[in-house]
Amino acid sequence: MTSMSRARVARRIAAGAAYGGGGLGLVGAAAVGLLLAEVQMAKRHVGNGTDSHVPFADGLYGQVYDIPGEPPLRLVMLGDSTAAGQGVHRVGQTPSALLASGLAAVAERPVRLRNVAVPGAQSDDLDRQVALVLADPTQVPDICVIMVGANDVTHRMPPTRSVRYLSAAVRRLRTAGAEVVVGTCPDLGTIEPVQQPLRWLARRASRQLAAAQTIGVVEQGGRTVSLGDLLGPEFEANPRELFGPDNYHPSAEGYATAAMAVLPTVCAALGLWPAEEERPDASRREGFLPVARAAAEAAAEAGTEVTAAMPTGPRGPWVLLKRRRRRRVPEPQPVPSRLSGEPSCSES
């Protein structure tokens with residue numbers, strides 16, 4: 001599918017989400033029977049959801065940067081198993097711990113992390129997760145990172161509903177005063193046991209949803225980062241290194257790759273990224289674009305950020321598309337706090 005075709009589909013899905021449209025399908029009805037047969041075959045080979053245990057990463061990171069009188073930054077993760085860190089066994093391997101550690105290093109300030117993501121969650125669980133995050137109005141996060149969408153595709157949630165739930169979550173968090181960064185739906189077309197034609201259908205559905213998510217999130221004042229590489233070309237080329245033991249969730253190295261893609265945008269949202277990095281670089285095909293076109297381009301290239309720029313233009317709202325350079329995230333080393341009973345982490 002061309003970029004312009006993806007842009008048209010993304011606009012239709014986002015419009016349906018905004019105005020209460022029905023369930024615009026991601027694949028043709030004629031393919032449903034074959035798709036379901038392939039799904040059942042893949043499920044027999046993929047260990048998805050067989051072990052929902054994830055390391056408990058909540059706690060304080062970057063204590064070496066503690067400044068008396070300055071409170072820690074508050075970072076909250078929401079979403080599904082990729083946000084929770086399913087598939088790894090050490091706290092420091094989870095994406096939330098990696099992001100908290102990296103943010104602390106860039107800000108030179110402690111970061112208090114809370115993770116409310118749930119393995120297996122779909123976008124309709126975001127309402128519950130946001131309610132948990134905003135339950136105490138005195139503890140509104142500085143930044144929220146949401147990773148969601150993969151389960152919406154595999155469970156065939158209508159994309160208009162999916163985007164509607166996500167947009168509502170972003171709107172509530174932004175209204176409360178939190179910055180929001182969304183890692184959009186990863187490319188599901190590279191899960192190793194999945195064969196054609198499901199592989200092609202999954203990739204198409206993933207990219208369509210990712211593009212529509214981008215439109216919905218940006219319209220509510222959030223930023224998006226394409227996570228195509230989470231299960232995308234880099235994972236397809238190195239499945240043994242970047243997939244975990246179940247061949248579905250990322251490995252520790254895979255989560256580090258995702259965290260490196262998201263961290264610059266998290267820092268930029270908080271005004272912590274170098275000013276020269278914020279200027280669009282024409283040599284890297286960065287610049288201002290209509291939101292639907294930027295969403296389609298971002299869905300096809302992992303690590304691409306989309307953020308609001310101008311409220312209107314010849315073809316609707318315009319956004320800034322950036323292809324940020326990836327930076328290695330310092331790996332946190334958890335240090336249990338025996339006095340308070342609360343996990344406490346610091347960087348190596």
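Side-chain contact check for V291 versus W318: every heavy-atom pair is 4.5 Å or farther apart. Residues L321 and T304 form a side-chain contact, since some pair of their non-hydrogen atoms from C-beta on lies under 4.5 Å apart. In this structure, the side chains of L60 and P72 come closer than 4.5 Å at one or more pairs of heavy atoms. Here the side chains of V106 and W273 are in contact, with some heavy-atom distance below 4.5 Å. In this structure the side chain of M157 reaches within 4.5 angstrom of the side chain of Y165, judged on heavy atoms.
When the salt bridge (Lys or Arg N to Asp or Glu O under 4.0 Å) test is applied to R74, no partner is found at least two apart in sequence or on another chain.
Distance check, rounded to the nearest 0.5 Å: CD1 of I146 to CE of M77 gives 10.0 Å.
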task = Could you please spell out the steps behind the side-chain contact (heavy atoms from CB on, under 4.5 Å) verdict for V88 and V54?
result = CA-CA 7 Å; V88 295; V54 293; over 6 Å; no

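One hydrophobic cluster, built from ILVMFWY side chains closer than 4.5 Å, holds both L99 and V225. No single ILVMFWY cluster, assembled from side-chain heavy atoms under 4.5 Å apart, contains both V133 and M147. L134 and L166 end up in the same hydrophobic cluster when Ile, Leu, Val, Met, Phe, Trp and Tyr side chains are linked at under 4.5 Å. Follow the hydrophobic side-chain contacts under 4.5 Å out from V170 and you never reach V140; the two are in separate clusters. Placement of V118 and L78 in two distinct hydrophobic clusters is found when ILVMFWY residues are connected by side-chain heavy-atom separations under 4.5 Å, directly or transitively.
In summary, E286 and K322 engage in a salt bridge, as defined by a charged side-chain N under 4.0 Å from a carboxylate O. A salt bridge is absent between D152 and R161; no separation between the charged side-chain nitrogens and carboxylate oxygens falls under 4.0 Å.
Minimum heavy-atom separation, N151 to G120: ND2-C, 3.3 Å. Nearest heavy-atom pair across S162 and L209 is OG-CD1, 3.7 Å. Smallest separation of non-hydrogen atoms from A83 and P95: O-CG, 4.0 Å. In plain terms, the two heavy atoms of D80 and G149 that are nearest each other are OD2-N, 3.7 Å. When all heavy atoms of A97 and Y61 are compared, the pair lying nearest together is CB-OH, 3.4 Å. Of all heavy-atom pairs between L113 and A100, the closest is CB-CB, 4.2 Å.
Judged by distance alone, with hydrogens and angles left aside, the side-chain atoms of S167 form a donor-acceptor pair with the main-chain N or O of V163 at under 3.5 Å. Remark: side-chain polar atoms of Y255 are paired, donor with acceptor, to backbone N or O of Q86 under 3.5 angstrom. One N or O on the side chain of R109 and one on the backbone of P71 form a donor-acceptor pair closer than 3.5 Å.
Judged by distance alone, the side chains of Q213 and T184 never bring a donor and an acceptor atom under 3.5 Å apart.
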Kindly list each side-chain donor-acceptor pair under 3.5 angstrom involving residues 174-182, sequence neighbours excluded, with atom names and distances?
| residue | atom | partner | partner atom | Å |
| --- | --- | --- | --- | --- |
| R174 | NE | G221 | O | 2.9 |
| R174 | NH1 | A178 | O | 3.0 |
| T175 | OG1 | R171 | O | 2.7 |

